[in-house]
Amino acid sequence: MIFSRLFSGGLDRRVLLLLILLVAAAIAVPVLNLAVPPSSSFHMPPHAVALLGKYLCYAMLALSLDLVWGYCGILSLGHGAFFAIGGYAMGMYLMRQIGSRGVYGHPVLPDFMVFLNWKELPWYWYGFDQFWFVALMVMLAPGLLAFAFGWLAFRSRVTGVYLSIITQAMTYALLLAFFRNDMGFGGNNGLTDFKDILGFSLQAPATRAALFSTSALMLALAVVATARLVSSKYGKLMVAVRDAESRTRFLGWRPENIKLLAFTISAVMAGIAGALYVPQVGIINPSEFAPANSIEVVIWTAVGGRGTIVGPVIGAIAVNWGKSWFTAALPEVWLFALGGLFIAVTLLMPKGIVGVWEQWRSSLKARRRVAPVPPAEPPAVSPSGPAAAPVTGPALAARPQPAE
Amino acid sequence: MKLTSRASGLLMGATIIAGMMSAGQSFAAEDTIKVGILHSLSGTMAISETTLKDAMLMLIEEQNKKGGLLGKKLEAVVVDPASDWPLFAEKARELISVNGVDAVFGCWTSVSRKSVLPVFEELNSLLFYPVQYEGEESQRNVFYTGAAPNQQAIPAVDYLMNEEGVERWVLAGTDYVYPQTTNKILKAYLVSKGVAEEDIMINYTPFGHSDWQTIVTDIKNFGSAGKKTAVVSTINGDANVPFYKELANQGIKAEDIPVVAFSVGEEELAGIDTGPLVGHLAAWNYFQSVESEANAAFIETWHAYTGNDKRVTNDPMEAHYIGFNMWVKAVEKAGTTDADAVIDAIVGVSVPNLSGGYSTMMPNHHITKPVLIGEIQDDGQFEVVWETPGLVVGDEWSDFLPDSKDLIADWRAPLSCGNFNVATGKCGGKGIN
Amino acid sequence: MILRALCLILLPLLLVAGTARAQDPSLAEIAAKFATAEKFDQTEALVRELGATGDPAVRPLLEALGEGRLQARKSDGAVYIVEGSGKNAKLLDPLTGEEVPDASASGLKKVKVNNGLRRVIRDTLSSLTLGAKNPQARLSAASNMLANPDPAMVEALDAAIAAEEDPAVKQRMQEARAAAVLQSDLPDAEKIAAVEVLGSVGDRNVLSLLAAVEAKSEGDLRRAAERASNNIRSVLAAWDAAQNIWFGISLGSVLLLAAIGLAITFGVMGVINMAHGEMVMLGAYTTFVVQGAVQSIAPNLQDWSLAFALPIAFVVAGAVGIAIERGIIRFLYGRPLETLLATWGVSLVLQQAVRTIFGPTNREVANPSWMSASFEIGQMAITWNRLWIVVFSLAVFALLLFIFNRTSWGLHMRAVTQNRRMAASMGIRTPWVDAFTFGLGSGVAGIAGVALSQIGNVSPNLGQGYIIDSFMVVVFGGVGNLWGTLLGAFSLGIANKFLEPYAGAVLGKIVVLVLIILFIQKRPRGLFALKGRAVEA
């Protein structure tokens, strides 16, 4: 029922399929992991659950980047920062949950503070023992940073490459800051050795399965939210800003506000992804802020197909699965494979996996039709962004030219 | 609905693929014992860790030549965690639960160790960690074959104080947990020896710091106060080359301001022209120049294995050598590779180290080692100028930090505790719960 | 102390009698004892014994010992100075310095020295060399005495000053004498005179000497010391500021070198070239290979290996750049952000390729002798390698500026970047201009690698360390403007170095990054913004 309502709201079939898949995975994976005996070939081993959960968090991060890059034309090379901040907020909660079970048995201070001789908890650690507060901070902290950053940058009309580079400067500055042990976030080691979340042991398979399901459902939620957003009036404005910022401004809109909204929502989404990621991988540390990580997110999105909703999800899962597989199967040369993949994707599949699929479908359709009708589909049929639109016809004029 | 059926079909397909992906590799022949090697082969740490992967492969090959272990051949499983800390945890999990390895040799940085700790605890497997580290840890599933601070830092400072008459200290390090902790310990130690606070300068730099002009000048100025000055360097791998180049170019000689380093070994020196650095020091538990039969044999095998007689050996390689032999001996003693049995059997196991003596696994999962102080020579090697008279037992909980001085670790039954508090008589830090 | 006292007595004698003295037969006996000395303190005692003879003939022996070239055989007590290594090694007699023709090298072991011993040797040598023939040796002996003053040496220095003819050496000896006087128990009047002498030296060592005097004296002497040290402090503060500016310029030149290739590929062509750092790395590895080749083909040209490396590195990196442009980037014009993805892939491949070929560890690139060590201007030490890098970076900049503004190729490049279609209509072969412009940018990155190999690591990760800074510099300076890159690099360098003493290296860098972010808000197109419609395209 809820699906049919969404459907009428303009979700295309692929997004719907993705949602169904995600919900199904949220149910099936725990069942296959917990209820099916390990001897069965349908049993899902626990490490696979953890791995898939991690991919889903990455997918959500890629989706959040796609919202600003694919739909609004802002190429952020610092999205990893929002992800990491969300992760740190969750990490702080998990640290506080350890309580006196740390190696030194200090009731309040995390271990790294004890051995670096801190006497009391810094003020910014207060409140992180309450889950509701953390849940709030997971969204608020990255959201506020993005708001402040965007407010400054978009109002002074920093665009294109300049914007990309200063987002990179932002995440690099945060990386250096979080490396500092004096910051009180555990320095290079970051936050680790978590015990439990909401009272459930993080090592228990049931907790892991639940975390996986939560990630899948949150991703589904994010997909719905993104799809609704981009098909709303704001979404159209975002695309307008992406394709012709000056024209939008001359028509009386304020591109900076539209961008700011997209950027902030996207940062919140990335923060939530980070928060879900940390309990599943068991560590958060400053290397998540590394500019290279943020560039990788851009690559996932591009590989999947930017300006679409399913694209980044597919891209994130595919690239990361490839990375997991390559690093084990070809440990010595996997970088050749990965680097080659990026080059090949850019050259041969400029619109990503989704674009290739699209092309294949349309050529199939064209063959099925007897007459070579130009694919002049009405815009409502392909609301998932211009990248999903056919290459020929009027859509060509609206080809995305973000950030330049 | 049509869509749903297709969707569930896809999902089924996905799970089957995932299942195969996980199960596929464990069908491999059961008549080998698998050993995991978890060292970064790409990314920033590849520079140090790749050598250790080669060393492990060599050790495994040598063991197989001797007939393997428990009548089976050993099989190495190499993965690349790519200097990416969460990936370390993922790969550790994969090694243990997918590849079914019985022991893992790996990690370099503290953060990578911290990242994999929960995995080893949860899946009850064994990790041999070969690098000097900050201490303040003892875990049931981990064996620390590198040096604890008391096996490296404190003897080095003692040497400088007694033999070179140093009165003024610069503690320079990269800003991460190993230098921070080591410097905390050293500062407490120096103060306890009567060094005034103003005679200690502590300086931290970021990873990969490349512009050392200001800091080297500061060191020079700090050292011209009329008292003999030394630098204790916990500067991490990559930043060392520009640091030493700057030292050499600014003309800081070892006779004036010696630098003693804890992270600079033969491997790091291979990238520097050591001519102007002669006399600067390093503290390790092994140098390639150590004269012993075991070492000569080891170096010869290493050169033969790598096919390159210029390849140097270093301290973490020796740590793997010791760790691997300890594991082999413990498995033979226990008659099985089962983790619990090996953990029980390995405590007390003694194997020859490369400096001509024996190293023993202690109940705190640290080992006994000699401490050597070496001076850099112009051929990129070290010459031992001092060594501890006997073996030093790794002290996991430093006596110089207020919160850890009451803690001990003993993994033998009945105590079986990594952080036993001798003051309260309870396991678990302060024992409040 | 005993040694010093003995020198005190012996030195005037030596100076008066000259150095021609009969060989003391006991020297050989002492030298032979090095073969049996096992501990450092035994060796040290022998060094002191040799020094106590006051015979300059022991100098070569002591020098060789300090440099680790003295070898001995325990079985027969033979001691030689070894010159050269391997098969070409020559065994010299430690006292006469003549080659011993039929000496056997088997069983010879190096006589071990450590830092403490090297210090003793150095002090012994400097007391022996005060009367040396070579003024340079006398100067360094006096400098050493200034740095390590010893009251027992006052009279020896008096004698040396009286005999000295070289004014510079004499000056240094007087300073050394003054430093020694301050440590002695001579009357205050003498010390005040010494303070005056030292006040003009004004380095940190003197400051600490004066502080010691201040602490334990009264009256006129104390006032004189205070006055002198205040003077020195204010002079030092000025020098510190100058030193900081120099450090900033030097860091700026490194940034300029790293960024200037990017200013072409990214700034002028608009390609977000993530593989730029790898071009720098290729240049550095080329230097390594060239040095190795020069070493094996013509070892006496070793000092010139960098000169050979420069053109080769330019060609290697430039060729790789052209290959990348022809193979990948030319398909991506008009899609600048996608060049980011493709070049990121290229950078991964290049890194791994270098790792596979050269191994993951650092490679040693030696500094040629003209790029080693440092010289002093007042209280400021300037290292030669930094100075040459500053000069080099400016030369590269000037050359590029010339190419862009004064050659027809430069005109074509500018035309193509400003309006590709119009340029093509005018008959410019845009594909070739693109390829060669990219090649030029990459080649310049390559020669930057040659210079940067002199101050840092040569490892597969080298490029990664520079890429972010390079982008910051180009964007800060203003895309598309070489002058912007120059100014951007130097202002970031100097800002960084001025912040570092106050905020520390880490915080300083963070502050600079935040400043860049804020600056871009103020000037969204960098320091030197291009104007006109082309910018918006």
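Here is the naming used below: chain letters follow the sequence lines, and residue numbers restart at 1 for every chain.
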| query | Checking I295(A) against chain C: side chain, backbone, both or neither under 4.5 Å from a heavy atom? | reply | side chain

| Pair E256(A) + K259(A), salt bridge at N-O below 4.0 Å | no

| Residue F476(C) versus chain A: region with a heavy atom under 4.5 Å | neither

| task | Please list, chain by chain and in numerical order, all residues satisfying side chain to side chain contact (heavy atoms under 4.5 Å, CB included) with I468(C), sequence neighbours excluded. | result | Q168(A), Y172(A), P291(A), M472(C)

| message | Would you call the rings of F185(A) and Y88(A) parallel, tilted or perpendicular, taking 30° and 60° as the class edges? | response | perpendicular

| Which bit of F471(C) is near chain A, if near means a heavy-atom gap under 4.5 Å: side chain, backbone, both or neither? | both

| What part of L340(C) is in contact with chain A, defined as an atom under 4.5 angstrom from a non-hydrogen atom: side chain, backbone, both or neither? | side chain

| query | Does CZ in R330(C) sit with more than 12 non-hydrogen atoms of other residues, nucleotides or ligands closer than 6.0 Å? | reply | yes

| request: Pick one of side chain, backbone, both or neither for E332(A), based on which atoms fall under 4.5 Å of a heavy atom in chain C. | output: backbone

| message | With a 6.0 Å cut-off (strictly less than), is the heavy-atom count around CH2 of W118(A), excluding the residue itself, greater than 12? | response | yes

| remark: When the 4.5 angstrom heavy-atom criterion is applied to A292(A) and chain C, the contacting part is both

| field | Per-residue contact mode, I517(C) against chain A (heavy atom under 4.5 angstrom) | value | both

| note | Most heavy-atom pairs under 4.5 Å with chain C, out of V333(A), D182(A), I343(A), I166(A), belong to I343(A)

| field | More than 12 heavy atoms from other groups under 6.0 Å of CZ on R414(C) | value | yes

| remark: Per-residue tally against chain C (heavy atom, under 4.5 Å) across V298(A), L174(A), L176(A), L341(A) peaks at L176(A)

| Listed by chain and number, what are the ring-ring contact (aromatic ring centres under 6.0 Å, His included) partners of Y466(C), not counting sequence neighbours? | none

| Looking at Y162(A), F179(A), W334(A), which one has more heavy-atom pairs under 4.5 Å with chain C than the rest? | Y162(A)

| query | F82(A) vs F263(A) aromatic rings, parallel, tilted or perpendicular, using cut-offs 30° and 60°? | reply | perpendicular

| Which atoms of L507(C) come close to chain A, meaning under 4.5 Å heavy atom to heavy atom: side chain ones, backbone ones, both, or neither? | both

| task | Please flag which part of L163(A) lies under 4.5 Å from any non-hydrogen atom of chain C: side chain, backbone, both or neither. | result | neither

| field | Proximity breakdown for R180(A) and chain C, heavy-atom pairs closer than 4.5 Å | value | side chain

